[in-house]
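These notes concern the structure reproduced below.
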2 protein chains.
Amino acid sequence: MTKPGTLTEVELEIMHVVWGLGTATVKQVHDVLSARRPVAYTTVMTMLGLLAKKGHLKREESGKAFVYRPAHTKGRVVSKMLDDFVSRVFHGSARPLVLALLKDRKISKRDLEEIARLAEVDE
Amino acid sequence: MTKPGTLTEVELEIMHVVWGLGTATVKQVHDVLSARRPVAYTTVMTMLGLLAKKGHLKREESGKAFVYRPAHTKGRVVSKMLDDFVSRVFHGSARPLVLALLKDRKISKRDLEEIARLAEVDE
DNA sequence: CATGTAGTACTAATTTATTAGTATGACGAA
DNA sequence: TTCGTCATACTAATAAATTAGTACTACATG
């Protein structure tokens, strides 16, 4: 198991699918995933079970199959991962990160201005 | 081995040390690292060797011991990791990332404005 | 010269992550 | 009722990442 809160690559991939669907069965997730790359049904099952065990998904019995739903919002999990990333890669400072995004043209001056404008409200 | 370009947690930790020192021997890295947490000398050696094999470090013989130096700048590697992170976690869009930073108070409106101002030059 | 320190190469143990197999059951349709 | 599909639990194989041991050499110094 990983340290709580952070998701590994495949775990995250699957969480994104479940967040997208809102609620999902193994079959549904498998359908989405196998459209992208070959993956066994049981592999998906294992991962969903693991994510449930780790507390990232809640599972409810519904008819024959289990239905999984996210235990936390995408925003919350993504925030946590971002936080983690900023401390690991940028020693905790977000500024150089944003500077890097700008430098690499991942974001524009205008985007930044626009985002800054959104901050007005709660300052 | 990991996919080229991206560094695992421990690899990154060690790269940060080497970037900090500019150039480093196993002993130097071990000294820095073991001040933080217990780690065997040979573990550090293995990691430096691995990073050299992966192309992240260049090693030169200098007297008795090897001297390692980064093969790429921190900026370049960090950019690559950021790029990777943005695609894995944010499906490639940097905007929601910056929004999340703002929301979580990792960065302020003023920071953003200031960074946007820096972009003037090359627009 | 014996001993400790610093170094290497090579190997291996351990842990974590990923992928998937096997055995089994329920159920609808031919 | 038999076959295929969808489902589960349990188990296991494989791969990737992390940590460290063992054996050995060179060298300074008491």
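The chains referred to below are lettered A, B, ... by the order of the sequence lines, with proteins before strands, and numbering in each begins at 1. Not measured: the values here are computed from a predicted model.
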Q | Side-chain heavy-atom pair Val78(A), Leu97(B) within 4.5 angstrom cut-off | A | no
Q. Given side chains that start at C-beta, do those of Met15(B) and Lys74(B) come closer than 4.5 Å, heavy atoms only?
A. no
Q) Which whole-number value in Å describes the distance from Lys53(A) NZ to dT8(D) P? A) 16 Å
Q. Does Arg37(B) reach the side chain of Glu13(B), with side-chain heavy atoms less than 4.5 Å apart?
A. yes
Q. Is the phosphate of dA7(D), meaning OP1 or OP2, less than 4.0 Å from a side-chain N or O of Arg59(A)?
A. no
**Q.** Asp31(A) CG - dC6(D) P separation (whole Å)
**A.** 8 Å
(Q) Please report the distance, rounded to the nearest Å, between CG in Leu7(B) and P in dA17(D). (A) 11 Å
**Q.** Phosphate OP1/OP2 of dT5(D) contacted by Tyr41(A) side-chain N/O (<4.0 Å)
**A.** no
Q | Nucleic acid contacts - residues 20-28 of chain A versus DNA chain C, non-hydrogen atoms under 4.0 Å | A | none
Q: Examine Val32(A) and Leu7(A) and state if one hydrophobic cluster contains both, with Ile, Leu, Val, Met, Phe, Trp and Tyr joined whenever side-chain heavy atoms are less than 4.5 Å apart.
A: yes
**Q.** Nucleic acid footprint by protein, nucleotides 18-27 of chain D - heavy-atom cut-off 4.0 Å, B for base, S for sugar-phosphate alone
**A.** SBBBB-----
Q) For the residue pair His16(B) and His91(A), does the interplanar ring angle fall in the parallel (under 30°), tilted (30 to 60°) or perpendicular (over 60°) class? A) tilted
(Q) Ignoring hydrogens, what is the shortest heavy-atom contact between Ala71(B) and Gly55(B)? Give both atom names and the distance. (A) CB-O, 3.2 Å
Q. NA contact type, Phe66(B), heavy-atom cut-off 4.0 Å: base, sugar-phosphate, or nothing?
A. sugar-phosphate
Q) Is any side-chain heavy atom of Tyr68(B) closer than 4.5 Å to a side-chain heavy atom of Leu51(B)? A) no
**Q.** Student check: side-chain heavy atoms of Arg88(B) and Asp83(B) closer than 4.5 Å
**A.** no
Q: Could you check how far CG of Leu33(A) sits from C1' of dT19(C), rounded to whole Å?
A: 12 Å
